[in-house]
Amino acid sequence: MNSENSALMALSELKNLEADRVAEVEAERQAQVEAERVARETAERQAREEAERIAREEADRLAREQAEREAREREERIRVAEAEARSRAEQEARLAEEQMRIDAQMKLAEKKAKPKWPLVVVPLLVLGLGGLGAMYYSNKKAAEEQAAVAAAEQERMAEEAKKQQAQLEQFAAELKKLQEEREKQEKDLAALDKKLSDAKSEAERNKLLAEKQALEAKIAENEEAQKSTSKKKRSGSTKKKSSGGSSSSSSKPAAEEPSITKKRKKRINLGDGNDPLDGL
């Protein structure tokens, strides 16, 4: 009788020890799950902060480029206006000089009192004024053509800048949408991990594992889409800088988009749920 009581007590002690061990393993698993959750939330927060920082830098860069482009346009308009003013001043100076020369010739002719001076002076006056008028018209037409070419070039550059800006905004919206979808997929993955840890049967576990694999494949596709969109955005930004003229050399290169890659630790296998003392 005493031996049976001793055996039962020993068996009870063993069961208590095993229960303590199982509880300790479960506590470690819960701690690991909590640590993974905290790490995942930290990575997501850092990714959001990085995306916001990149968006701010992009907005600042675009504002700087817009300001520089407007400054160049103002300088070009001022330069064209100054060139036209110089041309008009030169034409007026030549006309005044020619008029003075003709007046001097006429006065000289009057002093000499030649009866045929109108036959000489008037044709010279007509020819001089005609030549000066033709020269003035030619220079004015050349200045107008130059101003029209400059205006057309500025308009073309503005249209290209608008198109590239629209593309960059579209890429930014796609990146934001992909990021939001990635965050939702991560939450769904965490929910699947929890369901896996609480699964009661092998069939349920296999089903959840298949769902998890499909979700991880979607996450991988999302990450590839983010990389592709980021590459397109950087390419569009580089193209915009190359078409921006001398101002592009002073602008900062577009920051690379973050690529989030998470490694997950293997979960602790607690066995098939049977009593570990079945063999006793």
If I take atom [atom1] from residue [X] and atom [atom2] from residue [Y], how far apart are they, to the nearest 0.5 angstrom?
{"X": "Glu82", "Y": "Glu84", "atom1": "CD", "atom2": "CD", "value": "11.0 Å"}
{"X": "Glu169", "Y": "Leu62", "atom1": "CD", "atom2": "CG", "value": "8.0 Å"}
{"X": "Gln165", "Y": "Gln66", "atom1": "CD", "atom2": "CD", "value": "8.5 Å"}
{"X": "Lys212", "Y": "Asp193", "atom1": "NZ", "atom2": "CG", "value": "4.0 Å"}
{"X": "Gln170", "Y": "Thr229", "atom1": "CD", "atom2": "OG1", "value": "9.5 Å"}
{"X": "Lys187", "Y": "Leu215", "atom1": "NZ", "atom2": "CG", "value": "13.5 Å"}

State plainly whether the residues [X] and [Y] are in salt-bridge range, i.e. N to O under 4.0 Å.
{"X": "Glu90", "Y": "Arg86", "result": "no"}
{"X": "Lys184", "Y": "Glu180", "result": "no"}
{"X": "Glu50", "Y": "Arg53", "result": "yes"}
{"X": "Lys195", "Y": "Glu211", "result": "no"}
{"X": "Glu160", "Y": "Arg156", "result": "yes"}
{"X": "Glu65", "Y": "Arg61", "result": "yes"}
{"X": "Arg21", "Y": "Glu24", "result": "no"}
{"X": "Lys207", "Y": "Glu204", "result": "no"}

**Item:** Check: Glu28/Gln32 side-chain N/O donor and acceptor closer than 3.5 Å
**Value:**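 Per modelled atom types, Glu28 and Gln32 side chains form no pair under 3.5 Å.
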**Message:** Is it true that Glu26 and Gln30 share a donor-acceptor pair across their side chains at a distance under 3.5 Å?
**Reply:**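 A pair is found: one side chain offers a donor N or O, the other an acceptor, under 3.5 Å apart.
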Is the closest side-chain heavy-atom distance between [X] and [Y] below 4.5 Å?
{"X": "Gln91", "Y": "Lys140", "answer": "no"}
{"X": "Glu224", "Y": "Glu221", "answer": "no"}
{"X": "Glu183", "Y": "Glu186", "answer": "no"}
{"X": "Arg79", "Y": "Glu75", "answer": "no"}

**Request:** Keeping the roles fixed (side chain from Thr42, backbone from Val38), state whether a donor-acceptor pair exists under 3.5 Å.
**Result:**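 Yes.
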**Message:** If we ignore hydrogens and angles and just use 3.5 Å, is the side chain of Asn16 paired with the main-chain N or O of Ser12 as donor and acceptor?
**Reply:**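 Indeed, once roles are kept as given, a pair shorter than 3.5 Å links the two residues.
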**Message:** side chain to side chain contact (heavy atoms under 4.5 Å, CB included), that's the test. Do Glu202 and Arg205 meet it? Break it down for me.
**Reply:** CA-CA 5 Å; Glu202 188 66 23; Arg205 184 179 293 105; 3.0 Å; yes
**Message:** Is there a path of hydrophobic side-chain contacts, each under 4.5 Å between heavy atoms of I/L/V/M/F/W/Y residues, joining Val80 to Met157?
**Reply:**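 No, it is not one cluster - the side chains of Met157 and Val80 are not joined through contacts under 4.5 Å.
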**Message:** Tell me whether the count of non-hydrogen atoms from other residues, nucleotides or ligands lying under 6.0 Å of CD in Glu159 goes above 12.
**Reply:**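 Yes, CD of Glu159 has more than 12 neighbouring heavy atoms, counting only those of other groups under 6.0 Å.
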**Prompt:** Name the one of Gln185, Gln179, Lys227 that satisfies side-chain contact (heavy atoms from CB on, under 4.5 Å) with Asn222?
**Reply:**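 The single option meeting the side-chain contact (heavy atoms from CB on, under 4.5 Å) with Asn222 is Gln185.
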**Prompt:** Of Glu97, Gln105, Gln99, which is the lone residue that meets side-chain contact (heavy atoms from CB on, under 4.5 Å) with Arg101?
**Reply:**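 When side-chain contact (heavy atoms from CB on, under 4.5 Å) is applied between Arg101 and each of Glu97, Gln105, Gln99, only Gln105 qualifies.
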